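Working notes, structure below.
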Amino acid sequence: MADAPSTPLRPACDPATELDARFRAAIHAVAGRDADPAIRASGNAKFGDYQMNAAMALAKELGKNPRELADAILKATDLAGIASKCEVAGPGFINITLERAVLESSLASLAASSTFGVPPATDPHAVVIDLCGVNVAKQMHVGHLRATIIGDSLARVFERLGRKVWRENHLGDWGLPIAMTLAKLIREKRDFARLTLDDLNAAYRGAQKETATDDLDAAREFRCGPHRLAELELQYEPARAAMEDAKKTLIRLQSGDAEIVRLWERLIEVTMEQVYDAARTLHCKLGAENNRGESFFRDRLAGVVDAFAKSGVAKSDRGAMVVPFADRERPLLIQKSDGGFLYATTDLAAVRFRTFELDGDLVVYVVDARQRDHFKDVFDAARLVGWSKTKDGTEATLVHLGFGAVLGADKKPLKTRSGENFTLKDLLDEACERGAAEVMRRAADPNAPTHGLAESELRAIGAAVGIAAVKYADLSGDLTKDYVFDLDRMVAFEGDTGPYLQYAHARIASILSKSGETAEAIARAPFALAEPAERALALHILRYPQMVLDVGRSLETNRVGLYLRTLAELFNAFYQSCPVLKADDAAVRLTRLRLCAVARAVLADGLSLYGIVAPERM
RNA sequence: GCGCGCGUAGCUCAAUUGGAUAGAGCAUCGGUCUUCGGAACCGACGGUUGGGGGUUCGAAUCCCUCCGCGCGCGCCA
């Protein structure tokens, strides 16, 4: 996966920013040139808070002894007011322990920031996220889960980074398959006002079956005798008729026939209802305003081929228009020999629209990994013709974020074509149901904080918990890897799960509300990071803005999950060893409440990057 | 055939993008427990990171080569 362009931005409240500046200056003084100090969080608390790793690589380049170079850099570094302890270790690491006051003031500045320390974006261009990608007249299946929640989560990350974000739902709402479905429904004289998605789905599959002429095509391919061909042609007469009907319907649709267009719009309406429902359930920001499908680009397709032909990037081959590439045999087909356009043509029109009209300098396609070759071709073709530039000529980054396939328990791709498999709706219903059952079971305990809540309230919390389980299971892993679809694992509530994070959040919220202090009073309390557990928690909180920047750069949503899991663990450790409400000293009580408040806010904001809600009680 | 992707504990996955002793969850076993919320915490067990070679102070990570699995490959989307 290609990286998005890296931003030089560094969070002001992250102590690593100041360490970077100081060591950079020291390296310059010692080595006579600029180099990345490679400041990293310590992997192990016994090595301090941060480490500077640049000395080893630099020593190699300069032909010096790494430990001696590290010593020299350390001597040249101004550590006043930042590090309380700093020493060379191992082959040439420099281990750094921060002054407590630095941690406290940094944390205060993060707490005061409305973006939790994330620096505001300086890039005025937009980020475009291609997500969801449903097809009209087809049921959403589990594959759409990934394309929807990964895309939405990335969009949320870029919004947190202060970027203008376009969520683009590139609907499959045009072309022969839709016309076939439409034609079949019309032939059957169906009442379009009463159509359900299941009806559409059945019609879609039926139309595919009716018009299939695989055997006939194969017979031609293998040059069967005239008798055999005539026999097959007779057998396939109904298929031919259905196809004729579909093509006529397509032409009427393309020419803007009012009646056909009305019925077509109805198909989209029925299909999209389920998408909006699923998006609501999943807490994904996705609605009708995000719809920009194949039909939107239909008038631009001829222009695409024209532009490629005129520029000489495309050439005619066997009656079709293709874009050849210098480094590979396989060309990209953009127009069929019968004059028809292909999905590559639409994708090229969309690239142009997204870079030039939406002004995106980063366009991310959240589409499954099997289309890797296709997008490589489309992006390369777009670059060849100069369409990868924004309005002001900035070269845009085009990225295909190819996520792994959804596999069944047998490790084979989950097929929904024959229709016997569960739909996305089935999965979401099950997740909400299990979440609700779990919440209600616990609420039955008279000591539970949720005891006595109305059933509707418990069901709402249960849905939030069930959906969190599903989303976290998906987003916290490596996106490029295949996905083993296991409902029991996905809706698990214990261990490394979404509900575990929600639980940590609810506990903190509970402490804060039981304290009897107002939020204002807590916010005024100073930080006093005396205990190791407090210190460790604070250090990790300070890494939040850098983590968000890293996700924006790498598009790896699993970093959010890793960060939040660690945050929850560190909070639990703090909670274990440092009494808050039971603290004997009033000032200690208040400063620990302050730490709780910041931890809660960061946890909630991090969960919001996944589109996971954090209930106060569960 | 060509191209691309993936192989880490019994299972599902991590590993701060080349850093110090490869970590979690589930499962199994043991402990914490009249609780600031047990959906929790602590510990034990479990590994030749598919095999081999190379690069270097240092490799699960980069290069080469095998092996295994998956996906894609001109008129579908």
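This structure is a prediction, so every number in the text was calculated from the model and none was measured. Just so it is clear: chains get the letters A, B, ... in the order the sequence lines come, proteins before strands, and each one is counted from 1.
- Between A/F574 and A/F571, the distance separating the two ring centers is shorter than 6.0 angstrom.
- For the 3.5 Å distance criterion, the side chains of A/T480 and A/D478 qualify, holding a donor opposite an acceptor.
- Between A/F341 and A/P449, the one whose closest nucleotide on RNA chain B sits nearer the 5' end is A/P449.
- Only the P atoms considered, B/C41 is 43 Å distant from B/G68, to the nearest whole Å.
- With C1' as the reference atom, B/G19 and B/C62 are 14 Å apart, rounded to whole Å.
- Among the atoms of the strands shown, base atoms are found under 4.0 Å from some heavy atom of A/R617.
- Using P as the reference atom, B/G50 and B/G10 are 13 Å apart when rounded to the nearest Å.
- In this structure, a donor-acceptor pair under 3.5 Å is absent between the side chains of A/Q576 and A/N572.
- Separating the NZ atom of A/K209 from the P atom of B/C76 is a distance of 22 Å, rounded to the nearest angstrom.
- Among the protein residues, A/A41 comes within range of the nucleic acid bases, having at least one heavy atom under 4.0 Å from a base atom.
- Counting only residues at least two apart or in different chains, salt bridge (charged side-chain N to carboxylate O under 4.0 Å, His left out) contacts with residues 480-490 of chain A comprise A/R434-A/D488.
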Please output the side-chain donor-acceptor pairs of residues 437-449 of chain A that fall under 3.5 Å, not counting sequence neighbours, one pair per line with the distance.
| residue | atom | partner | partner atom | Å |
| --- | --- | --- | --- | --- |
| A/E438 | OE2 | A/R441 | NH2 | 2.9 |
| A/E438 | OE2 | A/R442 | NE | 3.3 |
| A/E438 | OE2 | A/R442 | NH2 | 2.8 |
| A/D445 | OD1 | A/N447 | N | 2.8 |

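- Aromatic pair A/F47/A/F93: centroids not less than 6.0 angstrom apart.
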Measure all distances between protein nitrogen or oxygen atoms and nitrogen or oxygen atoms of nucleotides 3-10 of chain B, and list the pairs falling under 3.5 Å.
| residue | atom | partner | partner atom | Å |
| --- | --- | --- | --- | --- |
| B/G5 | O4' | A/R372 | NH1 | 3.4 |
| B/G7 | OP1 | A/K481 | NZ | 2.7 |

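- When heavy atoms are screened at a 4.0 angstrom cut-off, A/Q546 is found touching no nucleic acid atom at all.
- Using atom P as the reference point in both B/A60 and B/U55, the two lie 16 Å apart (nearest Å).
- To the nearest whole angstrom, the two P atoms, one in B/G7 and one in B/C13, are 11 Å apart.
- Nearest nucleotide to the A/K60 side chain, out of B/U56, B/C76, B/G37: B/U56.
- Residue pairs that meet the salt bridge (charged side-chain N to carboxylate O under 4.0 Å, His left out) test with at least one member in residues 568-581 of chain A, sequence neighbours left out, do not exist here.
- Among the nucleotides B/A40, B/A15, B/C75, the one closest to the side chain of A/L562 is B/A15.
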Under-3.5 Å N/O pairs linking protein and nucleotides 19-26 of chain B:
| residue | atom | partner | partner atom | Å |
| --- | --- | --- | --- | --- |
| B/G19 | O2' | A/Q51 | NE2 | 3.4 |
| B/A20 | N7 | A/Q51 | OE1 | 3.3 |
| B/A20 | N6 | A/Q51 | OE1 | 3.1 |
| B/A20 | N6 | A/N95 | OD1 | 2.4 |
| B/A20 | N1 | A/N95 | ND2 | 3.4 |
| B/U21 | O4 | A/K46 | NZ | 2.4 |

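- Across all strands, A/C578 comes closer than 4.0 Å to base atoms (heavy-atom distances).
- Between A/F375 and A/Y365, the two ring planes are tilted [angle within 30° to 60°].
- Residue A/V367 is classed as having no contact, given no heavy-atom separation below 4.0 Å to the nucleic acid.
- A gap of 27 Å separates the P atoms of B/A40 and B/A22, to the nearest Å.
- The pair A/D377-A/R330 counts as a salt bridge, with a side-chain nitrogen and a carboxylate oxygen less than 4.0 angstrom apart.
- Of the N and O atoms on the side chains of A/D49 and A/T97, not one donor lies less than 3.5 Å from an acceptor on the other residue.
- Note on A/R318: a base of the nucleic acid sits closer than 4.0 angstrom, heavy atoms only.
- For the residue pair A/H170 / A/R292, no side-chain donor-acceptor distance below 3.5 Å is found, with atom types taken as modelled.
- A/R328 and A/D380 are joined by a salt bridge, as a carboxylate oxygen and a charged side-chain nitrogen come within less than 4.0 angstrom of each other.
- In this entry the distance linking CZ of A/R328 with P of B/G72 reads 18 Å, nearest Å.
- Here the separation of B/A59 from B/C66, taken at their P atoms, is 24 Å to the nearest Å.
- Among the atoms of the strands shown, none is found under 4.0 Å from any heavy atom of A/M547.
- Across all strands shown, A/A506 has heavy atoms under 4.0 Å from base atoms, whether or not it also approaches the sugar-phosphate.
- At least one cation-pi condition fails for A/R40 and A/Y50: the charged atom is not both under 6.0 angstrom from the six-membered ring centre and inside a 45 degree cone around its axis.
- A distance of about 22 Å separates the C1' atoms of B/C75 and B/C71, rounded to the whole Å.
- The separation between A/D445 atom CG and B/C33 atom P is 20 Å, rounded to whole Å.
- When each of B/A39, B/A14, B/G72 is scored by its nearest atom to the side-chain atoms of A/N558, the top-ranked nucleotide is B/A14.
- Put simply, A/Y563 has no side-chain N or O that comes within less than 4.0 Å of OP1 or OP2 on B/A15.
- Remark on RNA chain B: of its neighbouring residues A/R489 and A/D550, the 5'-side contact belongs to A/R489, judged by nearest-heavy-atom nucleotide.
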- Query: RNA chain B in dot-bracket, Watson-Crick or G-U pairs under 3.5 Å, [ ] crossing, | other strand?
  - Reply: (((((((..((((.....[...)))).(((((.......))))).....(((((..]....))))))))))))....
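- Counting only N and O atoms by type, the side chains of A/Y472 and A/R565 include a donor and acceptor under 3.5 Å apart.
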